[in-house]
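Only one structure is covered here, and it is reproduced in the block below.
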2 protein chains.
Amino acid sequence: MAKKVTIYDIAREAGFGIGTISRVLNDHPSVTPETRKKVIEVAKRLNYQPHTYAQRLARRQSETISAVIPFFTNYFFIEVLRGVQDKISELGYDLVLYGVEHPDQVEGYASRALQRGKVDGILFFSMKVPDKVLVRLKETNLPIGLVDSVSPDFDSISVANAEGAYAATAHLIELGHRRIGMINAQSVSAPALERLQGYRRALERHGLSFTDEFVRIGRNTKQDGFNRDAGYEAMTDFIKMGSEMPKAFFVSSDIQAMGAIAALNENGFRVPEDVALVGFDDIELARHMRLTTMRQPMFQMGVLAIERLVARMANPDMEILHTTFSPTLIVRESCGALIRNQN
Amino acid sequence: MAKKVTIYDIAREAGFGIGTISRVLNDHPSVTPETRKKVIEVAKRLNYQPHTYAQRLARRQSETISAVIPFFTNYFFIEVLRGVQDKISELGYDLVLYGVEHPDQVEGYASRALQRGKVDGILFFSMKVPDKVLVRLKETNLPIGLVDSVSPDFDSISVANAEGAYAATAHLIELGHRRIGMINAQSVSAPALERLQGYRRALERHGLSFTDEFVRIGRNTKQDGFNRDAGYEAMTDFIKMGSEMPKAFFVSSDIQAMGAIAALNENGFRVPEDVALVGFDDIELARHMRLTTMRQPMFQMGVLAIERLVARMANPDMEILHTTFSPTLIVRESCGALIRNQN
DNA sequence: TACAGCTTTGGAAGCCCTTCCAAAAATGTG
DNA sequence: CACATTTTTGGAAGGGCTTCCAAAGCTGTA
């Protein structure tokens, strides 16, 4: 380890007191230009590096933010995380990452992040934070932000799930479909529930009737049913209906749509000629699979999450803010719209 | 903020000196069981939380590792990062993440990570660390690990690129192909170069001749050419050869293979019936696209990277270790092997 | 009972900063 | 030039912990 140079060394070398050194280093105004110049020169010469933790201890703030994020998943998190990291580094904060593989880890990570003085704020991604933890978070009074989930007590950034599902379904209706099914995820998941509502409302607003028959959920409950196999199973289920089967589907996530497409292909159905699909998320795969889907503005969500958190740090009494982003319809081939237009 | 409880509070409340409290909290042996019990009871009652930064300052170590990782990319990093995070949290360290979007950011992040005392070690992912930075890293004497890149001065974990390319190409040869092309990435990238060598060696060892004609690189240089468009362009280029075009390809990354497949499809070629492909990486997409590819043991690479780093922290004079993992051939449909087998 | 040799305990010093207060220096004013 | 102001500076105190050394408390032995 290179010799450790402290402000005392600089003080001695430059012939000033440590207070002055500290002031120069922190751009405090009451220092003459000559003094400043001299101190900076010496600091540079000695290759001074402030000790982060001594600063944090003395300043009583950590300049770090931690993010608790479910790792299992895909593109969505990476994109949001990119936004988060982008903004964080712009602000000069550090990002401490806790990747959750099992829901039970959440509590442990929360405790670690909660260690006194450790972080200035915490972001929780797409997770049901256990009530017990929520209460503790509340008590600590630490700025907390929720991304892709909602709780009345904390700021949150999320996607207008119902609205997106509505748009997706409406798009299918506009394309002339009347019998539209939905492949959903487990109803323990709030987004799944909301997307179901959006789907249902779209049908009803357009004079179509809603029936449970047309909503299926795969058996595989991994990630609350937002997984490829669940999509495959649900579609297989639909296919068993024979000629009764809907010919258009709103699928509550792209990854499930992938499974659904596989099931369709294996059974001789072509997309979009025989069956039309609209997904949700716009993961990277979607583009390659030419899947029409609802895109979530992931990067911006990340950026906003940090902006919000920092705003709350600055002003803890700020009113709690819930922001929902509207997903955008990305029309590709799976819905059949392009084919029709070409004709 | 909940009232801050310090060891002084515990000391007063429990009727001991602060030294004893600290000893109990750190499991130091010379404390009687009764004392220990009493102190723990009080600490719990007061809901004591140690102040992380005070500890780090006093202990002279940070219990933090930082990872500098190119964010732009995909699955590969996420997987490796999962491994890293898994091991890190098992060891009780914190992970500070620096996501690089532009190569020029590397230096800045390195400086931040290098702040005196800030981290106990740094991991660099898949990047050409600028020489200037390398020199500084060397000087600081901080444990450094390289993942998916190599430098004589630091421990590294990488994939046997040449070996993988060899296996991929050999697989195609075994399937009876004689005219095998390669879609490569920019040759500034070490992995690209190594994969080219492996491809070439495989041809030559099997008595096939190597020709530059059969190696193409797309124009798009994003991510050193490891991107979808570059794959598309390279394949389009090949297609222009007409009947001279190879009917089997080793593609240096899955993402390029995606572009290549698109180009093929648009020109009426079917995969694998008309053209066989083998990729490299085994990103998530590969499975969905039924792409035969070389899988890198990403998670394990992450785990090992941390183990290695921690080992070096414990023993800085350890000899420098370079580990290469061998990729495994994952046979799916794009190479045509399954079709043949079915016959 | 006296004393050597352990074990346990207390707390000062040290880790490296920031910040506050008082003192010193510079400046302005009549 | 004397004095009041303002600007600049020095450094103690404080942030909360670990660790080391000395002191106190025990134990066992003769």
Side-chain angles (χ1 to χ4, degrees), chain A residues 1-40 42-43 46-64 92 94 114-120, chain B residues 1-40 42-43 46-64 92 94 114-120:
Chain A
M1 204 69 66
K3 284 286 147 313
K4 41 233 171 125
V5 181
T6 73
I7 52 171
Y8 288 86
D9 299 314
I10 302 182
R12 195 174 344 97
E13 193 82 3
F16 288 100
I18 55 161
T20 301
I21 309 303
S22 178
R23 261 167 248 133
V24 170
L25 265 17
N26 291 289
D27 283 324
H28 190 91
S30 70
V31 190
T32 52
E34 305 89 72
T35 305
R36 162 160 289 126
K37 197 173 147 209
K38 169 123 204 204
V39 169
I40 288 180
V42 173
L46 299 186
N47 190 24
Y48 171 75
Q49 298 269 47
H51 188 116
T52 318
Y53 300 124
Q55 289 182 316
R56 291 182 181 176
L57 179 58
R59 287 185 186 149
R60 259 149 282 193
Q61 54 148 309
S62 68
E63 282 151 349
T64 106
D94 274 343
L114 250 31
Q115 280 193 32
R116 192 156 41 100
K118 186 145 178 186
V119 302
D120 292 340
Chain B
M1 202 72 65
K3 284 286 147 315
K4 42 236 173 119
V5 182
T6 72
I7 53 171
Y8 287 87
D9 299 313
I10 303 182
R12 196 174 343 97
E13 192 83 3
F16 288 100
I18 56 161
T20 302
I21 309 303
S22 177
R23 262 166 246 133
V24 170
L25 264 19
N26 291 290
D27 283 325
H28 189 91
S30 69
V31 190
T32 53
E34 305 89 72
T35 304
R36 162 159 288 126
K37 198 173 146 208
K38 170 122 203 207
V39 170
I40 288 180
V42 174
L46 299 186
N47 189 25
Y48 171 76
Q49 297 269 46
H51 187 115
T52 318
Y53 300 124
Q55 289 182 315
R56 291 182 181 176
L57 180 58
R59 288 186 185 147
R60 258 146 283 193
Q61 54 146 310
S62 69
E63 283 152 351
T64 300
D94 276 342
L114 250 32
Q115 279 193 32
R116 193 157 38 104
K118 186 143 177 188
V119 303
D120 292 341

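Residue numbers start from 1 in every chain, and the chains themselves are labelled A, B, ... in the order their sequence lines are given, proteins ahead of strands.
Contact check, A:Arg116 against D:dC17: a side-chain N or O comes under 4.0 Å of OP1 or OP2.
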Below 3.5 Å, can you tabulate the donor-acceptor pairs from side chains in residues 29-36 of chain B to any protein atom, sequence neighbours excluded?
unit_1  : atom_1 : unit_2  : atom_2 : d
B:Thr32 : OG1    : B:Thr35 : N      : 3.4
B:Thr32 : OG1    : B:Thr35 : OG1    : 2.5
B:Arg36 : NH2    : B:His28 : O      : 2.9

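Judged by distance alone, with hydrogens and angles left aside, the side-chain atoms of A:Tyr53 form a donor-acceptor pair with the main-chain N or O of B:Lys118 at under 3.5 Å. Without hydrogens or angle criteria, A:Arg12 side chain to A:Ile10 main chain gives no donor-acceptor distance under 3.5 Å.
Between the P atom of D:dC17 and the NE2 atom of B:His28 lies a distance of 18 Å, rounded to the nearest Å. Atom CD1 of B:Ile10 and atom P of C:dG11 are 16 Å apart (whole Å). Between A:Glu63 atom CD and C:dT18 atom C1' the separation is 12 Å, expressed in whole Å. The separation between B:Lys38 atom NZ and C:dT9 atom P is 12 Å, rounded to whole Å. Distance, A:Lys4 NZ to C:dC15 P: 7 Å, rounded to whole Å. Taking atom CZ on B:Arg12 and atom C1' on C:dG10, their separation rounds to 16 Å, with Å as the unit. One atom, CD of B:Gln115, and another, P of C:dC15, lie 20 Å apart when rounded to the nearest Å. We find that CD1 of B:Ile7 is positioned 12 Å from C1' of D:dG15, with the value rounded to whole Å.
Residue contacts for B:Ser22: at a heavy-atom cut-off of 4.0 Å it reaches a base atom on one of the strands shown. Residue B:Glu34 is classed as having no contact, given no heavy-atom separation below 4.0 Å to the nucleic acid.
Residues passing the side chain to side chain donor-acceptor pair (under 3.5 Å) test with A:Gln61, sequence neighbours excluded: none. Residues satisfying the side chain to side chain donor-acceptor pair (under 3.5 Å) criterion with B:Thr52, sequence neighbours excluded, are A:Gln115. Annotation: side chain to side chain donor-acceptor pair (under 3.5 Å) contacts of A:Thr64 (sequence neighbours excluded): none.
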With B for base contact, S for sugar-phosphate-only contact and - for none (protein heavy atoms under 4.0 Å), nucleotides 20-27 of chain D reads B-------
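Here the side chain of B:His51 is nearest to one of D:dT18, D:dG16, C:dC17, namely D:dG16. Checking C:dC17, D:dC17, D:dT18 against the side-chain heavy atoms of B:Tyr48 singles out D:dC17 as nearest. The side chain of A:Ile18 lies closest to D:dA12 when the candidates are D:dG10, C:dT9, D:dA12. Distances from the side chain of B:Thr32 to the nucleotides D:dT9, D:dG16, C:dT8 place C:dT8 closest. Comparing atom distances between the A:Thr6 side chain and each of C:dT18, D:dT18, C:dC16 picks out C:dC16 as nearest.
Ionic pairing of B:Arg56 and B:Asp120 is not present here: no N-O contact between side-chain nitrogen and carboxylate oxygen is shorter than 4.0 angstrom. Ion pairing of B:Lys4 with B:Asp9 is absent here, as no side-chain N (NZ or NE/NH1/NH2) approaches a carboxylate O to less than 4.0 Å.
A:Gln55 CD to A:Leu25 CG: the interatomic distance, rounded to the nearest 0.5 Å, is 8.0 Å. In this structure, NZ on B:Lys38 lies 12.5 Å from OG1 on B:Thr20, to the nearest 0.5 angstrom.
Heavy-atom nearest nucleotides on DNA chain C were determined for B:Thr35 and for A:Ile21, and the one closer to the 5' end corresponds to B:Thr35.
For DNA chain C, the neighbouring residues in residues 53-61 of chain B, judged by any heavy atom under 4.0 Å, are B:Leu57, B:Ala58, B:Arg60.
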